[in-house]
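Because the structure is a prediction, the values reported are computed rather than measured.
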Amino acid sequence: MSVTAVIEAIVKSVIILVFLLTAFAYMTLYERKVLGRVQVRYGPNRVGPFGLLQPLADGIKLAFKQAITPRGVDKPLYLLAPAISMVAAVVTFAVIPVGPTYNIFGYPVNFWLSDFNVALLYVLAMSSLGVYGIVLAGYSSNNKYSLLGGLRSAAQLISYELALGLSLVAVLLLTGSLSLNDILNHQGGDWWGFWPRWHIFVAPLSFIIYIISAIAETNRAPFDLVEAEQELVGGYHTEYTGLRFALFFMAEYINMVTVSALAATIFFGGWYGPIVGGPWWLLLKMAIILTIYVLLRATLPRLRYDQLMRLGWRVLLPLALLNIVLTAIGVALWGS
């Protein structure tokens, strides 16, 4: 690898990290604002104009909170768990194509950090690693509520990872590739001169299964049973304070951003737009999906644990298998 390629990779990595941290910070503000409007209140509006400095105030507060380590914890695992969740959340974004290739000062620059022929498998593998941080946090905290939260997370991952992975098989049948760039380029152009080739139109059931499973995997309402306050105090992060808790908090929101970017790339044409393609189209689609995340939290009550398991095994998994069969028949009859 040349020196120029190494420098380019480092610069892209820094940009991705800054973007994800900024997205996390202002996603928390956006969520609180939207929830406030839904609940007929203002939300944060005191720190800075329109409350725009609220994420900075929250970050300072967490940084200066005392980091308490309870007695009896397994200290190496206790300290390692939040780092695992955070790293797994950040590295997943590396293969998502944010935009096309641009010429910058005569040098072609790809708007993605890396692309390879099994990029989708990489995303699924990295996103699955985050659960290790949650399970280890519950196990090492010497707290029964934390342990229950970690075990719930493991069971939830197993239940919904199957449906999520199978929902994407239909897209693989359509595109014939595991590369996210190939999946994205398959959606370039349109049908009959005006209809976009987005996969949402040919595999809507895949998207529905994917988004439900992804919300469950990111432990967001109405699937947030791993930290259910009324049952488990705070679940797996009950014994975490200060910056250690902040790492879990950041990982959750960064996972939301990654899930939204992946959904926009696989089902809604990514950075392809109706006029001129570019990163702004991907950001707009991500913002719409993230808004759905917030509105679901504001609207739906938390499921019971038996309802959560029943939905994953008895509804989503059979639907995902049926979706594969129907898509295979469609590809065989009419092509991709």
Are [Y] and [X] co-members of a hydrophobic cluster defined by side-chain heavy atoms under 4.5 Å apart?
X	Y	value
Leu52	Val34	no
Leu283	Leu29	no
Tyr122	Val87	yes
Leu53	Phe50	no
Ile324	Val315	yes

Heavy-atom check, side chain of [X] versus side chain of [Y], under 4.5 Å:
X	Y	answer
Leu124	Glu161	yes
Leu164	Ile212	no
Gln156	Val226	yes
Met256	Ile289	no
Leu180	Leu262	yes
Phe267	Leu168	yes
Ile183	Leu172	yes
Leu184	Trp271	yes

Main-chain N/O of [Y] paired with [X] side-chain donor or acceptor, under 3.5 Å:
X	Y	value
Tyr78	Glu239	yes
Asn110	Trp112	no
Lys75	Thr69	no
Lys12	Ser114	no
Thr241	Gln66	yes
Thr92	Ala88	yes
Arg197	His186	yes
Thr28	Ala25	yes
Tyr236	Arg152	no
Lys65	Leu243	no

Taking everything shown except [X] itself, do over 12 heavy atoms lie less than 6.0 Å from its [atom1]?
X	atom1	answer
Arg314	CZ	no
Tyr132	OH	no
Tyr139	OH	no
Tyr305	OH	yes
Tyr102	OH	yes

Going by atom types only, do [X] and [Y] share a side-chain donor-acceptor pair under 3.5 Å?
X	Y	result
Ser127	Glu217	no
Thr218	Tyr293	yes
Thr175	Asp182	no
Tyr30	Thr291	yes
Asn117	Ser179	no
Glu8	Tyr107	yes

Contact summary for [X] and [Y], nearest pair of heavy atoms:
X	Y	value
Ala320	Ser167	CB-N, 4.4 Å
Val259	Ala214	CG1-CB, 3.4 Å
Ala261	Leu282	O-CD1, 4.1 Å
Leu225	Pro222	CD1-O, 4.3 Å
Ala57	Val47	CB-CG1, 4.1 Å
Ala251	Ala89	O-CB, 3.9 Å

Return the [atom1] to [atom2] distance between [X] and [Y], rounded to the nearest 0.5 Å.
X	Y	atom1	atom2	value
Glu252	Met86	CD	CE	12.5 Å
Leu162	Leu321	CG	CG	9.0 Å
Ser159	Leu317	OG	CG	9.5 Å
Asn219	Leu157	CG	CG	9.0 Å
Met126	Thr258	CE	OG1	12.5 Å
Ile68	Arg244	CD1	CZ	9.5 Å

* **NZ or CZ of Arg32 within 45° of Tyr42 ring axis and under 6.0 Å** => no
* Relative to each other, are the rings of Tyr253 and Phe249 parallel, tilted or perpendicular (30° and 60° limits)? -> perpendicular
* Positive for side chain to side chain contact (heavy atoms under 4.5 Å, CB included) with Phe268, one of Met286, His199, Gln187, Lys285 -> Lys285
* Trace of the side chain to side chain contact (heavy atoms under 4.5 Å, CB included) decision for Val123 with Val95 -> CA-CA 8 Å; Val123 170; Val95 295; 3.4 Å; yes
* **Full working for side chain to side chain contact (heavy atoms under 4.5 Å, CB included) between Leu247 and Tyr240** => CA-CA 10 Å; Leu247 289 176; Tyr240 284 87; over 6 Å; no
* To do: Would you please test Leu308 and Phe223 for side chain to side chain contact (heavy atoms under 4.5 Å, CB included) and show each step?
  => CA-CA 7 Å; Leu308 177 82; Phe223 304 103; 3.2 Å; yes
* Asked: Can Leu62 and Met250 be said to form a side chain to side chain contact (heavy atoms under 4.5 Å, CB included), step by step?
  -> CA-CA 12 Å; Leu62 285 171; Met250 292 164 66; over 6 Å; no
